[in-house]
Amino acid sequence: NTMKTIMLYTFLFIFALHGLSQNEFAENWHFGDSVNLDFTSGMPVATSNSSIFSYEGCVSVSDRQGNLLFYSNGGNMSVSDANVGGVWNRDHQVMPNGQLVDTAGCYSSIQSSVVTPKVGSQDQYYLFTMDCIESQQTSLTHYKGLRYTVVDMALDGGLGDVTSEKGIPLLNDPGLFLSEGIAATTHSNGDDYWLIVHSEAPDSMNRFYVYSISSTGISGPSIQDLGHYSYGQMKFNIDGNRFSNGSHVFDFDKSNGTLSNPIDLGVSGSGKAFSNSGQYLYQTAAFTLYQYDLFATDVVASRTTIHTGNIFDFDMIKVSMQRGPDCKIYVAIMTMNYVGVINSPDLPGTACNYVNDQVTLPGYLCQAGLPNFIESDFRSCESLGIFQRAMFRLNLYPNPTSNSITIDIFPSLLEAEFSIVDIFGKTIFKSHFNNLSQNVNTSEFDNGVYFLRVSGTDAVMRFVKGNK
């Protein structure tokens, strides 16, 4: 059994690592103040190859071989804004028809843009853009709402250009204000897409608008009223069957685009990301990074604080989150020259290994946003998430016990120290895992409740000792 366990998890590990080579579409990130984060070497490296400026939202598009195609900040804040709102090609030049002045979104939206393929085309993409709250507050006539623009990579000698379908309104009626989030996921048929946005109008603050994107074009929206006020990023999990918005987590039917079963977490965070397996939801709320266990019986009670600061620690202001091609989750630290990283997002609590300043951006500023990708494109990361959870798992039996217990572990915990404590916190037994299946003699333990703890992890298992 031990040998079968090793072989199984060795296979899973190799399969998971192979999956990382399938995420080349996300290897080029352009965000913040001229930041280019290049993942092509296998790890993120900041370079000076970017023309972008964005306070918050942006998008970067590469092909399946990892070649940069284009990037965008979604549009500028106003017609008088000195910063360019536009679509840049792989040479970091604004495309000939790529200026987005009064025809698109706003780079101060937390998710100013998202891109889907134009279904059935090898060269064309839909660039969906979302305007920002500042536009709502400035002028009703200036508010641009939700729009789309088509980028055709066959134009301008293969460098790409924006077509005449530019800044086409989808939702931009005066008074019909939208929140700044925008997200897309793959349809259950594997070809089409769903796009979702949320109302911020006073009389419809629980309203979602869901669009279908297929070979016939963009259709909808279907209108769904559930949940309440929206704030911050919108995020799907990789599978596309869960969705997070504001303080809520929903089920999502990717066959018909229907939301259901809202869970109110009680905290509305700006940044959101699901772990690779979908078990955990991460959320940033100003100075704090939280983790929720979505498999728990009580999801709200499962909330764990992963990292926190205070109002005097400016480098603690965490905003957007985004999964990378290495299947780690990256966290934007506002106006700082580094990015935070959740290194093992499928491990519980602080075992997820969050490092607040892991990736340095020498000479550049992160700002509040990271590129907005379609999470369902990271399907290969699911196997890594399942592997991480399995390698962390323990099994203890029999429970209740009388004379002994057996503890099954997986290779990652070999040599780890473990202890057994009673209900008063007194250590009764301490040792190290020397085998994948380890026996502990409990015959001399008093009857009662005990806890197995593993050093360096949050793993705790309860068992009962019966009659001697």
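All values derive from a computational prediction rather than experimental measurement.
- Ser247 and Ser268 share no side-chain donor-acceptor pair at under 3.5 Å.
- Here the straight-line distance linking atom CG of Asn49 with atom CG of Leu37 works out to 12.0 Å at 0.5 Å rounding.
- Rounding to the nearest 0.5 angstrom, the gap separating the CD atom in Gln111 from the SG atom in Cys132 is 14.0 Å.
- Taking the six-membered ring for Trp and thresholds of 30 and 60 degrees, Phe463 and Tyr450 have nearly parallel ring planes, at less than 30 degrees apart.
- Ser62 places no side-chain N or O within 3.5 Å of a backbone atom of Leu69 that could act as its donor or acceptor partner.
- Every residue two or more places apart in sequence or in another chain was checked for a salt bridge (charged side-chain N to carboxylate O under 4.0 Å, His left out) with Glu56, and none qualifies.
- Residues Asp239 and Asn237 bring no donor and acceptor atom of their side chains to less than 3.5 Å of each other.
- Between the CG atom of Leu370 and the OH atom of Tyr330 there is a distance of 10.5 Å, given to the nearest 0.5 Å.
- With 3.5 Å as the limit, one finds no donor-acceptor pair spanning the side chains of Arg90 and Asn67.
- With 3.5 Å as the limit, one finds no donor-acceptor pair spanning the side chains of Ser34 and Ser50.
- Under 3.5 Å, the side chains of Gln279 and Asp293 contain a donor-acceptor pair of N or O atoms.
- Side-chain atoms of Asn372 come within 3.5 Å of backbone N or O of Ile182 as a donor-acceptor pair.
- Between the NZ atom in Lys328 and the CD atom in Gln322 there is a gap of 15.5 Å [rounded to 0.5 Å].
- A donor-acceptor pair under 3.5 Å is absent between the side-chain atoms of Asn435 and the main chain of Ser437, judged by distance alone.
- Note: Tyr125 and Phe70 meet the aromatic proximity criterion, with ring centroids under 6.0 Å apart.
- A donor and an acceptor atom, one from each side chain of Thr186 and Arg379, are located under 3.5 Å apart.
- The main-chain N or O of Ser188 is never found under 3.5 Å from a side-chain atom of Lys254 such that the two would form a donor-acceptor pair.
- Note: Phe53 and Tyr107 have perpendicular aromatic rings, judged against thresholds of 30 and 60 degrees for the angle between ring planes.
- A ring-centre distance under 6.0 Å is not found for Tyr211 and Trp194.
- Residues Phe250 and Phe208 bring their aromatic ring centres within 6.0 Å.
- For the atom pair CZ (Phe418) and OG (Ser431), the distance works out to 4.5 Å, reported to the nearest 0.5 Å.
- The six-membered or imidazole ring of Tyr292 lies away from that of Tyr280, with a centre-to-centre distance of 6.0 Å or more.
- The aromatic rings of Trp29 and Phe39 are tilted relative to each other, their planes meeting at an angle between 30° and 60°.
- Outside the 6.0 Å centre-distance limit, the rings of Tyr290 and Tyr282 are not counted as a close aromatic pair.
- Side-chain N/O atoms of Asn353 and Ser344 include no donor and acceptor closer than 3.5 Å.
- No side-chain donor-acceptor contact under 3.5 Å links Asp38 and Thr47.
- Proximity of a side-chain donor or acceptor of Asn343 to a complementary backbone N or O of Tyr354 within less than 3.5 Å is not detected.
- In this structure, Gln291 CD and Leu347 CG are separated by 9.0 Å, a value rounded to the nearest 0.5 Å.
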